[in-house]
Amino acid sequence: MAHTILVTGATGRLGQLVTRRLLDIGDRVRVLTRRPEEAVRLWGDQVDIAEGDFEDPRSLQVALRRVDRLFLLSPISQNLAAHQTALIDAAAEAGVSSIVKLSGSTWTIDNSARSIAGAQHRAAEAHLSARGIGHVILRPNAWMQVSLAPVVVAALSGRDLPNRYAGAAVSFIDVHDIAEVAARLLHAGTSVSGPQVLTGSRAYTARDVAGLVSTILRRPVGIEAGAGAPSPHGGDAFATRAVAEFATLIAEGLAAPVTETVERLLGRRPASLRHFLERQLAPLHTQAPRAAQGETQWQ
Ligand SMILES: NC(=O)c1ccc[n+]([C@@H]2O[C@H](COP(=O)([O-])OP(=O)(O)OC[C@H]3O[C@@H](n4cnc5c(N)ncnc54)[C@H](OP(=O)(O)O)[C@@H]3O)[C@@H](O)[C@H]2O)c1
């Protein structure tokens, strides 16, 4: 009989892509959301919708009924560990056989004394490992679609690019690669011991990124002289502090290492930064520079 996979965070940036891939593979998907109308808008009747909230244990129990596998994602907050612990415990009681946990970047968890987000993920990882359910922990590096959104907006507006990490290089990963890894592991019901550190295939400094943008746009592209504004987040005080801590750790070069995990798990190289930038900057070759208004569309 086909298995059922519960996707948490399904209406968010990564969860939407994971859900789409699972549906394309032919899996039966249930999504947990506080906004069922949004799930209907995204997938119509292709998914089973469980209205629920990490804060409401009863809703998690109901959502996990007859579920075999769980994709565990929740946004960074001071409640991340509590939310994920509640889900892991409810999954264990429901008889879920494997969990894929989307964790933080490895350098936040390895430096959790200096990263409040890393400390939350670290606690959730420890609980998952202690519960004895089959699982895989994914620790993706900084996402191109999030970290480089201000770069794309600046490039589309003809401005100098932000220079946020004091010249440090970052092996950004394309969120589509993370989604593909997660979907494949969920589909296979795989367990892997030890965190899987997902990165792009090489690390880029702000200057390297400006060079790529310049090549794509066929014009000189500068970078701002100062440190530049922090990445817009739109979150609360916890998220604002977490993002500021990310910038400090990245500036130390901690997000530069490259792993071969994506290639090992997918059998192909990670999506390249050049390919990502070409897609994002395509509006400059048409007459609809939508992202110049501040809204970056993912392609
Ligand atoms: N961006 C990066 O570079 C990066 C790097 C490494 C790791 N990460 C990790 O990625 C995760 C964030 O992923 P994302 O950006 O895809 O998330 P996101 O777009 O912010 O989406 C958040 C999702 O969580 C759901 N949600 C929020 N509160 C909820 C609640 N109380 N009950 C039930 N559902 C709730 C939302 O669903 P509804 O609103 O529909 O209920 C939504 O689907 C974080 O754990 C972060 O640490 C990010």
Side-chain angles (χ1 to χ4, degrees), residues 1-36 39 42-43 46-77 79-104 109 120-140 178-196 198 265:
M1 206 171 68
H3 45 257
T4 298
I5 300 170
L6 179 69
V7 177
T8 62
T11 57
R13 285 174 279 231
L14 178 61
Q16 280 190 39
L17 300 180
V18 172
T19 301
R20 172 47 50 207
R21 273 177 174 68
L22 289 172
L23 291 172
D24 290 347
I25 304 172
D27 282 317
R28 204 155 55 201
V29 180
R30 184 177 300 163
V31 300
L32 179 82
T33 177
R34 298 162 299 178
R35 299 177 295 149
L42 288 166
W43 301 293
Q46 294 180 82
V47 300
D48 189 9
I49 299 169
E51 184 171 359
D53 192 315
F54 302 144
E55 298 279 341
D56 174 2
R58 175 80 191 136
S59 73
L60 305 184
Q61 269 178 6
V62 173
L64 282 157
R65 268 189 206 141
R66 291 181 293 282
V67 163
D68 308 289
R69 296 166 195 171
L70 169 66
F71 179 64
L72 178 58
L73 179 153
S74 66
I76 51 172
S77 88
N79 298 320
L80 182 147
H83 287 162
Q84 297 201 357
T85 295
L87 272 155
I88 292 162
D89 289 344
E93 275 147 37
V96 166
S97 60
S98 66
I99 296 177
V100 173
K101 169 176 159 47
L102 193 281
S103 202
I109 295 163
Q120 292 285 327
H121 276 301
R122 188 186 188 92
E125 285 189 8
H127 189 75
L128 178 56
S129 301
R131 277 305 308 224
I133 309 177
H135 65 269
V136 186
I137 288 168
L138 300 180
R139 292 185 181 175
I178 309 171
E180 194 170 336
V181 166
R184 286 219 200 162
L185 292 167
L186 286 161
H187 179 74
T190 314
S191 288
V192 185
S193 66
Q196 303 298 298
L198 309 176
L265 293 172

* When rounded to the nearest 0.5 angstrom, what is the spacing between CG in L6 and CG in L72? -> 9.5 Å

* Among pairs that include at least one residue of residues 48-65, which meet salt bridge (Lys or Arg N to Asp or Glu O under 4.0 Å), considering only residues two or more places apart or in two chains? -> R30-D48

* How far apart are the closest heavy atoms of Q84 and A124, and which atoms are they? -> OE1-CB, 3.5 Å

* Structure fact -> Heavy atoms of I49 and A39 approach each other most closely as CD1-CB, 3.7 Å

* Which heavy atom in L265 sits nearest to a heavy atom in R184, and how many Å separate them? -> O-NH1, 3.8 Å

* To do: Begin from the C-alpha positions of L60 and L32 and carry the test side-chain contact (heavy atoms from CB on, under 4.5 Å) through to its verdict.
  => CA-CA 8 Å; L60 305 184; L32 179 82; 3.9 Å; yes

* Asked: Which pair of heavy atoms, one from S98 and one from G189, lies closest together, and at what distance?
  -> OG-CA, 3.7 Å

* To do: Quick one: pull up CG in N79 and CD in Q120 and give me the separation to the nearest 0.5 Å.
  => 7.5 Å

* **D68 backbone acceptor or donor facing S97 side chain under 3.5 Å** => yes

* Structure fact -> With sequence neighbours left out, the residues meeting side chain to side chain contact (heavy atoms under 4.5 Å, CB included) with A10 are V7, T19, V31, W43

* Look at the aromatic rings of H3 and H187 and report parallel, tilted or perpendicular, splitting at 30° and 60°. => perpendicular

* Asked: Of all heavy-atom pairs between L23 and D27, which one has the smallest distance, and what is that distance?
  -> CD2-O, 4.1 Å

* Go through the steps for R28 and T4 under the test side-chain hydrogen bond (donor to acceptor under 3.5 Å, both in side chains), then give the verdict. => CA-CA 5 Å; R28 204 155 55 201; T4 298; 3.1 Å; yes

* How long is the span from the CD1 atom in I99 to the CG atom in L70, to the nearest 0.5 Å? -> 5.0 Å

* Asked: Hey, what do you get for CZ (F71) to CG (L87), rounding to the nearest 0.5 Å?
  -> 12.0 Å

* **Flag, side chain of R69 to backbone of I5, donor-acceptor distance under 3.5 Å** => no

Do any side-chain atoms of residues 129-136 form donor-acceptor pairs under 3.5 angstrom with protein atoms, and if so which ones, sequence neighbours left out?
from	atom 1	to	atom 2	distance (Å)
S129	OG	E125	O	3.1
R131	NH1	D89	OD1	2.8
H135	ND1	I133	O	2.9

* Asked: Roughly how far apart are L42 CG and T33 OG1, rounded to 0.5 Å?
  -> 9.0 Å

* For the pair Q196 (side chain) and L138 (backbone), establish whether a donor and an acceptor sit closer than 3.5 Å, ignoring hydrogens and angles. => no

* Asked: Which distance, rounded to the nearest 0.5 Å, do you find between the CG of L198 and the CD of E180?
  -> 11.5 Å

* Asked: Going by heavy atoms in the side chains, are V100 and V18 under 4.5 Å from each other?
  -> no

* Structure fact -> Nearest heavy-atom approach of L64 to A91 is CD1-N, 3.5 Å

